[in-house]
Amino acid sequence: MNQLILEKYASNFRAQLGYSNTESIHLKSLLHKLGVLAVFRPLDMALSGIAIKSGDSNHFMLINTARTLGHQHFTICHELYHLFIQEGFDYQVCQVGLFDKKDKEEYNADIFASKFLIPEEGILALVPDTELKKAKVTLATILKIEQYFSCSRRALLNRLFELKLIDKIQKEEYKDNVRASAMNHGYSLKLYEKNEVSEVIGDYGNVARKLFEQDKISETHYYGLLEDIGLDFSTLRNDGDEKE
Amino acid sequence: MGTKKNDKIILIDADVLSHFISGGQITLIHKIFPYPIKILNKVYVEISRMPGRKREVDNLLNFKLIEQIPFPEDNPEIRKEYHYIKKKLFKGDGESACLAVVRYSKDILASSNLKDTAHYCNLHNISYLTTMDFLCQAVTNGQLFESDCDEFIQRVLKAGSRLPVKKWGEYGCRELDL
């Protein structure tokens, strides 16, 4: 798919969801809004995520939290392409950010993710005019942009290079010592670290509860389903309160 | 009530045990029917993960009021049925194991009061008991009074579990053929 078409899709998708092209998106809130069942879990493998679509309304994604938070955010946007933009999609196991042209839809998903997560208008709004004039974006600005859009350094450098706001030499220069550069400028390192959280976003728990209350599943099965998403009930007492 | 001297057992699932723990009558459960009560290891694992249940079930096992038995992994027929029930009938791990075992062992199942469980049991001629059947028999045996059953029901419901009635008087006991 043509890059301009993907740019248009990314921009339209933002507009549909009520976001301008300059604002940062809180992606977990967006997943709630879209009704996506999203499972965040650390996986002992290199994959970034998985997307599955069943019918028009069942959207599932798995995000590997053993990757950095910035990478996770890019992965969410990549999976959103599969679930909401790609036609005839059913499932895909993804290693994102490779921009591998041999796999057409994976490439499209990477491009879409890049444009959706870090829109051009938003970047331009954050780059001072002096830096725009010289096409020489400083490290301080790069840090400001990646913190604002909560994206990885790699994803941002690719985007800036594509927009011709940095050259090849700068791209190489800025790609190393990411954590140190953030610390030197007083930023938190959260974005550049694996958080390894286990979390589920969506109505999975509500559906399980409903099945139990309608006597369609047993109480034990209900607890088992909730355990499957990482909830540990053995830490509760009989009366449901936490143990001291 | 003494234990019958045939090989039949009551294979109990986590929900019924959990009801008797919540209902405050767990020490009575093995005296209601004349069959030994056994629990599959898969059910033990499940109930141990429920809020506040592990210690009470461990006590039952330690005092030999119930006995833990392994799921027969080496029986291909039962294993196949277990996987079928779990995947196709969308049952929990312990329930699937109990149903698969009693289908072939012809033991008595003590399980939650779900329509599809009853349907499966009827289809395969499996005798089954629900929590309410235990209460009915306990009343018949003179081990519980109606007021005890009311209190039991209230305690179970208050713990967030499900029972078919809110008061003992609303329940009609069925005839059991064990």
Side-chain angles (χ1 to χ4, degrees), chain A residues 35-43 50 52-55 57-60 62 90-91 93 196-200 202-244, chain B residues 12-19 21-24 26 39-40 42-58 85-86 89-99 109-120 130-131 155-165:
Chain A
V36 174
L37 172 59
V39 175
F40 292 78
R41 190 165 284 186
L43 303 172
I50 295 173
I52 301 173
K53 187 176 176 182
S54 164
S57 56
N58 295 316
H59 303 98
F60 169 85
L62 170 70
D90 47 13
Y91 72 95
V93 177
E196 308 222 323
V197 297
S198 289
E199 184 184 358
V200 174
D203 62 352
Y204 178 93
N206 286 336
V207 172
R209 182 80 204 171
K210 207 166 157 188
L211 289 173
F212 168 54
E213 286 175 356
Q214 290 173 344
D215 290 328
K216 288 185 175 156
I217 59 171
S218 70
E219 186 176 356
T220 327
H221 192 188
Y222 160 66
Y223 281 116
L225 291 174
L226 294 181
E227 270 169 25
D228 288 345
I229 58 170
L231 298 173
D232 179 8
F233 285 89
S234 64
T235 58
L236 298 180
R237 292 192 318 226
N238 283 358
D239 59 6
D241 280 344
E242 286 86 2
K243 286 175 184 165
E244 294 294 322
Chain B
I12 197 161
D13 87 359
D15 277 18
V16 179
L17 263 182
S18 174
H19 292 162
I21 293 170
S22 301
I26 193 63
I39 178 174
L40 286 172
K42 285 180 186 289
V43 175
Y44 172 77
V45 168
E46 245 180 14
I47 199 164
S48 299
R49 292 189 304 225
M50 288 171 78
R53 291 290 179 258
K54 187 178 184 312
R55 196 170 56 187
E56 308 218 30
V57 176
D58 283 345
I85 296 167
K86 206 169 161 180
L89 305 184
F90 190 55
K91 293 278 179 192
D93 198 52
E95 286 170 278
S96 305
C98 286
L99 285 168
L109 174 72
S111 186
S112 50
N113 190 42
L114 299 179
K115 270 185 204 157
D116 53 350
T117 305
H119 176 72
Y120 181 90
T130 65
T131 298
R155 290 176 70 155
V156 172
L157 295 177
K158 200 177 164 199
S161 298
R162 310 266 309 161
L163 285 175
V165 290

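Reminder, nothing fancy here: chain letters follow the sequence lines and each chain counts from 1.
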* Has the side chain of B/Arg162 got a donor or acceptor atom that lies under 3.5 Å from a matching backbone atom of A/Glu213? -> yes
* Asked: Step by step, would you call A/Lys216 with B/Phe90 a side chain to side chain contact (heavy atoms under 4.5 Å, CB included)?
  -> CA-CA 10 Å; A/Lys216 288 185 175 156; B/Phe90 190 55; over 6 Å; no
* To do: With a 4.5 angstrom heavy-atom cut-off, could you sort out which part of B/Lys91 is near chain A: side chain, backbone, both or neither?
  => backbone
* Can you tell me how far CZ of B/Arg49 sits from CD of A/Glu227, rounded to the nearest 0.5 angstrom? -> 4.0 Å
* **Test side chain to side chain contact (heavy atoms under 4.5 Å, CB included) applied to B/Leu114 and A/Ser218, step by step** => CA-CA 7 Å; B/Leu114 299 179; A/Ser218 70; 4.0 Å; yes
* **Ionic contact status for B/Lys115 with A/Asp215, cut-off 4.0 Å** => no
* Atom CD1 of A/Ile217 and atom OG1 of B/Thr117: how far apart are they, to the nearest 0.5 Å? -> 11.5 Å
* Contacting moiety of A/Glu219, where chain B heavy atoms sit under 4.5 Å -> both
* Most contacts with chain A, counted as non-hydrogen pairs under 4.5 angstrom, among B/Ser161, B/Ser48, B/Ser112 -> B/Ser161
* Structure fact -> Whatever's closer than 4.5 Å to a heavy atom in chain B on A/Tyr222 counts as neither
